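Beneath this line is the structure, given in structure tokens, with notes to follow.
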Amino acid sequence: MDVAVTETEVAVTCPVCGFEAYSGDLYCENCSAPLPGTEQNRAASEAASSAAQTSGAGRPSTGTQPMDVGPMATTCLNCGGTTFEDGYCSTCGAPAVKERDHFQEQPADWVAAVCDRGIRHHRNEDAMALSALAEPGSRAVLVVCDGVSSSMDPDIASLAAARAARDLLTDFEPTSPSMAGRIKAWTDRLGEATTAANAQAVAVYRNPTNRQGERQNSPPSCTFVAAVVDGPVVVVGWVGDSRAYWLPDDGESEMLSVDDSWAGEAIAAGMSRAEAEAAPQAHSITRWLGVDSPDFVPHCTATNPAGPGWLLVCSDGLWNYCSAATEMGELVARTASENAGDPLRTAAALVNWANAQGGMDNITAALARLDPRHVP
């Protein structure tokens, strides 16, 4: 469907395919790429969505929005219209998008995430799930799963896995008063959460309504990474190549996870990161969740931040363009500064940045702002 541009509406040219769109459109009608000059509109849309979310004391808030992987969104992201004809908004002509194509969660002011389809993929196979207490730095759970594109229904598996792990981690309270005891308890719980996430991926495979006949040779699968903030300590567990970073304001940035992939093994064997990640087989993962997983027991690590900084949990749609911890730290610091240190705006800006680099994959950025000097 072509949309005519009236004299009062200035055309905007898509930087990817050259299509001319309305100046108020967020995404290109032809290729779905983010359009230039729409940051204000996009921020307003995100602010409207986050205003409907709540966070409170007591049980951590999840901030999860009801979402199905299939139906189209009922509200136009461009103008707020609610009537769609033939897949296009009847008010402004913008294309309808699936709720899954671009969604966000912000369970507390200091924790937020944005998940986006990217430019090149026809669907969003990434997923994330968060929970947090209102008090900054007190308790938070950030989970990111990246569906394996070569499998069937990876989008369903990743969302189910992320939410199952988030719920299991949220409903847990270590009893040990010592830091070592709490780290041990969270490490054990991360193993249980990964088992629950894997069970969800397996359940998608066994569900007869999910194109069972097409998935015999490519069962649903996804990567997994989860980070738990428990006061002054962060505990991380992962399976696959989705990552967690600790990015302090001062000091050396650190990649907390180690990729379960061909590139990860090559780096461990002595190959440079640049060379390993440029190899054709770099993203061949060696561990994943799903019925055909050879090993879904998570690797785990813990860190005790000494000063303020950002905890970032992300999919390879972001780190593909900024892999090294130092470079990622610089990117997040700069982006946070440009967005007044707001986690949701910063996560959205990181997603926009990855799309501007090419958006070759689905993109998820989950952030928690930590300052151990003020931990209650």
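If you're wondering where the values come from, they're calculated on a predicted model, not measured in any experiment. Count residues from 1 along the sequence.
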Is it true that, when you exclude D250 itself, more than 12 heavy atoms of the residues, nucleotides or ligands shown sit nearer than 6.0 Å to its CG?
no
Other residues, nucleotides and ligands only: do more than 12 of their heavy atoms fall within 6.0 Å of CD on E252?
no
Should [X] and [Y] count as side-chain neighbours, where that means a heavy-atom distance under 4.5 Å?
X	Y	value
L130	R166	no
C322	Q357	no
L370	W110	yes
R369	P308	yes
T62	P107	no
P60	V141	no
V258	H299	no
L159	R100	yes

Shortest non-hydrogen contact from S257 to S242?
OG-O, 4.0 Å
For the residue pair H283 and W319, does the interplanar ring angle fall in the parallel (under 30°), tilted (30 to 60°) or perpendicular (over 60°) class?
parallel
Report the C-alpha distance between E125 and S158 in whole Å, list the side-chain angles of each, state the deciding distance to 0.1 Å, and finish with yes or no for side chain to side chain donor-acceptor pair (under 3.5 Å).
CA-CA 7 Å; E125 296 164 357; S158 63; over 6 Å; no
Given the options T301, L190, V313, W238 meets side-chain contact (heavy atoms from CB on, under 4.5 Å) only with T301
Taking K184 first and then D188, would you say they form a salt bridge - that is, a charged N and a carboxylate O separated by under 4.0 Å?
yes
Would you say the side-chain atoms of S337 pair up with the backbone N or O of A333, donor to acceptor, closer than 3.5 Å?
no
Determine, stepwise, if the pair R243 / S323 fulfils side chain to side chain donor-acceptor pair (under 3.5 Å).
CA-CA 10 Å; R243 293 181 178 178; S323 176; 2.9 Å; yes
Classify the side-chain pair S261/D241 by whether it contains a donor and acceptor separated by less than 3.5 Å.
no
Considering the options D126, D361, D101, which one meets the salt bridge (charged side-chain N to carboxylate O under 4.0 Å, His left out) requirement together with R117?
D101
Going by the side-chain hydrogen bond (donor to acceptor under 3.5 Å, both in side chains) test, name the single residue among N362, T364, N124, N355 that passes it with D116.
N355
Stepwise ring pair (Phe, Tyr, Trp, His ring centres under 6.0 Å) check, W310 with Y245:
CA-CA 8 Å; W310 292 95; Y245 292 85; over 10 Å; no
